[in-house]
Enquirer: 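First the structure, which I've put down as structure tokens, then a few questions once you've had a look.
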Amino acid sequence: MSNTPILLDGKALSKEIEESLKKRVTNIIRQTGVVPVLATVLVGNDPSSEVYVKMKGNACERVGMKSLRIHLPEETTTGQLLAEIDKLNDDDSVCGILLQHPVPGHINERECFDRIAVHKDVDGVTCTGFGRIAMGEPAFGSATPEGIMKLIRHYDLPVAGKHAVVVGRSPILGKPVAMMLLNENATVTICHSKTQKLPELVKGADIVVGAVGKPEFIKADWIRDNAIVIDAGYHAGGIGDVEISKVKDRAMAYTPVPGGVGPMTIATLIMQTVESAEILLNSKALYPLEVDNETKEVEEVSALL
Ligand code: NAP
């Protein structure tokens, strides 16, 4: 039998984080006279994306920052979106840029993500940011994976030497969380739609991360007793990617859905925006914003993060 399972309470931790961020924002404003801005960019009219962007903008305002909400029409082209991102990169008052995923299918999302200046990439979506995180170098981590790692650290859960199985390999979730777990010395298996014998692989996991995007796809009987179960999924009716209700009583720890990973994603985004603001607005030498060369940009971030 396992000990009493630990509920990884993302809602409570995110509230604590917000409280501490309010003080940091007040300090920034006092020292610089500038209210930091998070720019959120939404393209099209996907109702879920509209809700997510609204929640992020509201969280930003709750801690005393401003949100600059840019809503572009569905027919926006890649070129127009790139131009919008360029403007935000060049705007000294903007500390962070969030481009809500997914953008409409005709837009080259990867090109647009990578146009975000890495020092303003508070949602951790650029290839440069991902690469730096993977190499253990300073950068803003992808918000959901970084939120998961904050939860794991907050509850002091064992990671080093453990076998983590991540189901999903998306650029914003599966891949970065796998790299972060590896950096914390887990032995990591990454699974995807072509993986064979998935149940057997999950059965070997001390840590399971559900990042597959299918309701209750990861079955309770795949999960061993005393595992740490992280469910990043969220679907209608408040269920995740894992059969959490059937496994939670015999887990070492688990994230509830809702109230686990979701609030930590937003708290991480806001925290990284505050960190960016502290770096940018307190810096005497404000960024040379005509960054047109990746190497130079990487050097700047390395110096300032
Ligand atoms: P995604 O881009 O659709 O990626 C899903 C991944 O699951 C892909 O790598 C895919 O493999 C893999 N997959 C699909 N079918 C599979 C199967 N039968 N067996 C094994 N792997 C399979 O999704 P995502 O953006 O990473 O999101 C995943 C989940 O997290 C969703 O439920 C989403 O709502 C949630 N999410 C939550 C937050 C939050 O803030 N809480 C943020 C982001 C995402 P291939 O690569 O082979 O296609």
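Computation of the quantities below employed the complete heavy-atom set of this structure, encompassing side-chain atoms and omitting hydrogens, waters and symmetry-equivalent molecules. All ligand and atom numbering here is 1-based and tracks the order in the structure.
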Enquirer: Quick test of your reading of the model: are D123 and K56 salt-bridged, counting only N-O distances below 4.0 Å?
Expert: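 Looking at D123 and K56, the cut-off is not met.
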Enquirer: Classify the contact between I266 and ligand 1 as side chain, backbone, both or neither, using a heavy-atom distance cut-off of under 4.0 Å.
Expert: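 Neither; no heavy atom under 4.0 Å.
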Enquirer: Report yes or no: does a heavy atom of T195 sit under 4.0 Å from some atom of ligand 1?
Expert: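 In this structure, T195 fails to qualify as a contact of ligand 1 - no heavy atom is under 4.0 Å.
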Enquirer: Among all the protein's non-hydrogen atoms, which is closest to atom 5 (C) of ligand 1, and how far away is it?
Expert: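 Protein heavy atom at minimum distance: V212 O, 3.4 Å.
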Enquirer: Is there a heavy atom in K214 that sits closer than 4.0 Å to ligand 1?
Expert: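 Heavy atoms of K214 do come under 4.0 Å of ligand 1.
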Enquirer: Check each of M55, H192, K175, H101 against atom 21 (N) of ligand 1 and report the one with the nearest heavy atom.
Expert: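 Residue with the shortest heavy-atom distance to the ligand atom: H192.
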Enquirer: With a 3.5 Å distance limit and no angle check, can you tell me whether E109 reaches the backbone of V103 through a side-chain donor-acceptor pair?
Expert: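 A pair under 3.5 Å: yes.
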Enquirer: Can you list the ligand 1 atoms lying under 4.0 Å from a non-hydrogen atom of G262?
Expert: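 Contacts of ligand 1 toward G262, numbered from 1: 41 (N).
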Enquirer: Just to check, does F217 reach to within less than 4.0 Å of ligand 1 when the distance is taken from its heavy atoms?
Expert: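 Heavy atoms of F217 do come under 4.0 Å of ligand 1.
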Enquirer: Should you measure from each heavy atom of T144, which atoms of ligand 1 turn up under 4.0 Å away?
Expert: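 Selected atoms, number and element: 38 (C), 39 (C), 40 (O), 42 (C), 43 (C).
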Enquirer: Do NZ/NE/NH1/NH2 and the carboxylate oxygens of K162 and E184 come within less than 4.0 Å?
Expert: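 Not counted as a salt bridge, because no side-chain N and carboxylate O are separated by less than 4.0 Å.
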Enquirer: Is it true that K214 and D241 have a side-chain N and a carboxylate O under 4.0 angstrom from each other?
Expert: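 So K214 does not pair with D241 through a salt bridge.
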Enquirer: Hey, which atoms in ligand 1 end up nearer than 4.0 Å to a heavy atom of H235?
Expert: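 Heavy-atom distances to H235 below 4.0 Å select 32 (O).
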Enquirer: With backbone taken as N, CA, C and O and side chain as the heavy atoms from C-beta onward, which portion of S193 lies under 4.0 Å from ligand 1: side chain, backbone, both, or neither?
Expert: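 Near ligand 1, S193 shows its backbone as well as its side chain.
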Enquirer: Answer yes or no for G174: is there a heavy-atom contact with ligand 1 below 4.0 Å?
Expert: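 Heavy atoms of G174 never come under 4.0 Å of ligand 1.
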Enquirer: Taking 4.0 angstrom as the limit and counting only heavy atoms of G213, give me the atoms of ligand 1 inside it, by number and element.
Expert: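 Matching atoms, with element in brackets: 28 (C), 29 (C), 31 (C), 32 (O).
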Enquirer: Does the pair E18/K15 count as a salt bridge with the N-to-O cut at 4.0 Å?
Expert: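 No, E18 and K15 are not salt-bridged.
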Enquirer: Run the numbers for me: atoms of ligand 1, each under 4.0 Å from some heavy atom of Y234, listed by number.
Expert: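 Every atom of ligand 1 under 4.0 Å from some heavy atom of Y234: 32 (O), 34 (O).
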Enquirer: For the pair W222 and F217, name the ring-plane relationship: parallel under 30°, tilted 30 to 60°, perpendicular over 60°.
Expert: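 W222 vs F217 ring planes: perpendicular.
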Enquirer: Do the side-chain N and O atoms of N108 and T78 include a donor-acceptor pair separated by under 3.5 angstrom?
Expert: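 Distance-only check fails for N108 and T78.
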Enquirer: With a 4.0 Å cut-off on N to O distance, would you call E243 and K246 a salt bridge?
Expert: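 Here E243 pairs with K246 in a salt bridge, since their nearest N and O are under 4.0 Å apart.
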Enquirer: Looking at K11, is its backbone amide N or carbonyl O close enough to the side chain of D9 to form a donor-acceptor pair, meaning the two atoms are under 3.5 Å apart?
Expert: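 Yes, D9 side chain to K11 backbone: donor-acceptor pair under 3.5 Å.
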Enquirer: Can you confirm whether some protein heavy atom lies under 4.0 Å from atom 3 (O) of ligand 1, or whether none does?
Expert: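 Neighbour list for atom 3 (O) of ligand 1 is empty of protein heavy atoms (cut-off 4.0 Å).
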